[in-house]
Amino acid sequence: MATASYPHIEMTTDCVPMLAGTTTKVVEVALDRLAHHWDADEIQRQHPHLSLAQSHAALAYYYDHQAEMDRDIEQRLDRVAQIKADIGESPNRHKLKSQGQVP
């Protein structure tokens with residue numbers, strides 16, 4: 001089986017795929033696709049520091065590694081939920097809630 005080459009993707013020392021020459025992680029582009037259903041053109045419009053080729057490369061990398069990246073996304077979401085649970089409700093939200101201003 002041939003190994004795919006991604007000229008616009010580079011790996012960090014801790015094996016995080018990034019768009020070359022940027023600080024943008026491939027997972028960020030994948031999340032834009034998943035959350036907003038943006039195609040490569042829209043991703044490039046929303047992130048003008050990326051080239052269209054970089055947007056396509058990030059999506060290609062995501063789809064070629066979808067199971068692995070979906071697990072990573074799930075772990076990130078779990079971590080956010082855990083942090084929120086550990087922190088608890090903010091004092092401001094609690095106050096607004098007691099005043100009936102937020103559900």
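When a residue number appears, it is its place in the shown sequence, counting from 1. Computed from a predicted structure; not experimentally measured.
Listed by chain and number, the residues in a ring pair (Phe, Tyr, Trp, His ring centres under 6.0 Å) with His56 amount to none (sequence neighbours excluded). Residues passing the salt bridge (Lys or Arg N to Asp or Glu O under 4.0 Å) test with Asp72, sequence neighbours excluded: Arg76. For Gln66, the side chain to side chain contact (heavy atoms under 4.5 Å, CB included) partners at least two apart in sequence or on another chain are Tyr62, Tyr63, Asp70. Asn92 is linked by a side chain to side chain contact (heavy atoms under 4.5 Å, CB included) to Ser90, counting only residues two or more places apart in sequence or in another chain. Scored by the side chain to side chain contact (heavy atoms under 4.5 Å, CB included) test, Ile87 finds Ile83 as partners (sequence neighbours excluded).
Between Arg71 and Glu74 there is no salt bridge, since none of the side-chain N atoms of the basic residue sits less than 4.0 Å from a carboxylate O of the acidic one.
Ring orientation note: the planes of His49 and His47 are nearly perpendicular, at an angle over 60° on the 30°/60° scale.
Side-chain polar atoms of Gln82 and Asp78 form no donor-acceptor pair below 3.5 angstrom.
Between Val29 and Ser55 the shortest heavy-atom distance is CG1-O, 4.4 Å. Nearest heavy-atom pair across Thr12 and Met18 is CG2-CG, 3.4 Å.
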- Message: Please determine whether side-chain hydrogen bond (donor to acceptor under 3.5 Å, both in side chains) holds for the pair Glu89 and His94, giving the CA-CA distance in whole Å, both sets of side-chain angles, and the decisive distance to 0.1 Å.
- Response: CA-CA 6 Å; Glu89 188 173 68; His94 179 73; 3.3 Å; yes

- Message: Would Val26 and Val16 count as a side-chain contact (heavy atoms from CB on, under 4.5 Å) here? Give the steps.
- Response: CA-CA 8 Å; Val26 171; Val16 175; over 6 Å; no

- Item | Test log, rule side-chain contact (heavy atoms from CB on, under 4.5 Å), inputs Leu59 and Asp39 | CA-CA 9 Å; Leu59 292 175; Asp39 60 11; 5.8 Å; no

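Between Tyr61 and Met69 the shortest side-chain heavy-atom distance falls below 4.5 Å. Side-chain atoms of Tyr6 and Met11, non-hydrogen and from C-beta on, never get closer than 4.5 Å to each other. Proximity of Glu28 to Leu31: side-chain heavy atoms (C-beta onward) are nowhere separated by under 4.5 Å.
Between the side chain of Glu10 and the backbone N or O of Pro17 there is no donor-acceptor pair closer than 3.5 Å. The backbone N or O of Ser51 lies less than 3.5 Å from no partner atom in the side chain of Gln44, so there is not a single donor-acceptor pair.
Hydrophobic cluster membership for Leu52: none, as no Ile, Leu, Val, Met, Phe, Trp or Tyr side chain comes under 4.5 Å of it.
If you take CG on Leu50 and CG on Leu19, they are separated by 5.5 Å, rounding to the nearest 0.5 Å. Taking CD from Glu68 and NE2 from His65, the interatomic distance works out to 6.0 Å, rounded to the nearest 0.5 Å.
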